[in-house]
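Working notes for the structure below.
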Amino acid sequence: MRPNRFYDVIRIGPIRVASFNNGRGQTRHTAACIAPRCGFSNEYGDRSAAELAARTHRCT
């Protein structure tokens, strides 16, 4: 099993945005909320989309 290799990790409020290479060799971007009881996480093809999601996310 290969380890997850996230790079260019930033934190915007409770959200962490990171880039990684998927199994097909494509660069993908993820945004994940680290707040308790919040299950928000999503994968994007564009870094700006992940950062926009991080800036507009509100935990419920």
Side-chain angles (χ1 to χ4, degrees):
M1 177 189 292
R2 82 177 174 75
N4 291 330
R5 296 178 189 243
F6 293 103
Y7 61 91
D8 198 17
V9 179
I10 63 169
R11 187 170 175 182
I12 301 172
I15 308 288
R16 289 199 179 153
V17 178
S19 301
F20 67 97
N21 293 320
N22 67 5
R24 295 181 175 183
Q26 301 167 328
T27 300
R28 302 292 289 176
H29 311 278
T30 187
C33 186
I34 59 171
R37 295 185 305 275
C38 181
F40 173 77
S41 72
N42 215 343
E43 187 177 310
Y44 301 91
D46 192 85
R47 178 75 183 204
S48 62
E51 290 182 10
L52 178 64
R55 286 187 177 89
T56 58
H57 172 71
R58 299 289 177 256
C59 294
T60 56

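If you're wondering where the values come from, they're calculated on a predicted model, not measured in any experiment.
- Classified by interplanar angle (parallel below 30°, tilted 30° to 60°, perpendicular above 60°), the ring pair F6/F20 is perpendicular.
- Contact detail for A31 and F40: the closest heavy-atom pair is O-CE2, 3.9 Å.
- Judged purely by atom type and a 3.5 angstrom limit, N21 has no side-chain atom pairing as donor or acceptor with the backbone of G25.
- In this structure the side chain of R11 never reaches within 4.5 angstrom of the side chain of V17, judged on heavy atoms.
- In this structure, the side chains of I15 and E51 stay at 4.5 Å or more apart for every pair of heavy atoms.
- At a threshold of 4.5 Å between non-hydrogen side-chain atoms, the residues I34 and R16 count as touching.
- For an aromatic pair to be called close, the ring centres must be under 6.0 Å apart, and H29 with Y44 fails this.
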Any chance you could lay out the side-chain contact (heavy atoms from CB on, under 4.5 Å) test for D8 and R47, step after step, and finish with the verdict?
-> CA-CA 10 Å; D8 198 17; R47 178 75 183 204; 3.7 Å; yes
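- To the nearest 0.5 angstrom, I12 atom CD1 is 9.5 Å from L52 atom CG.
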C33 and C59: CA distance, side-chain angles, deciding distance, side-chain contact (heavy atoms from CB on, under 4.5 Å) verdict = CA-CA 8 Å; C33 186; C59 294; 3.5 Å; yes
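- Considering every non-hydrogen atom in both R58 and R55, the closest pair reads NH1-O, 3.6 Å.
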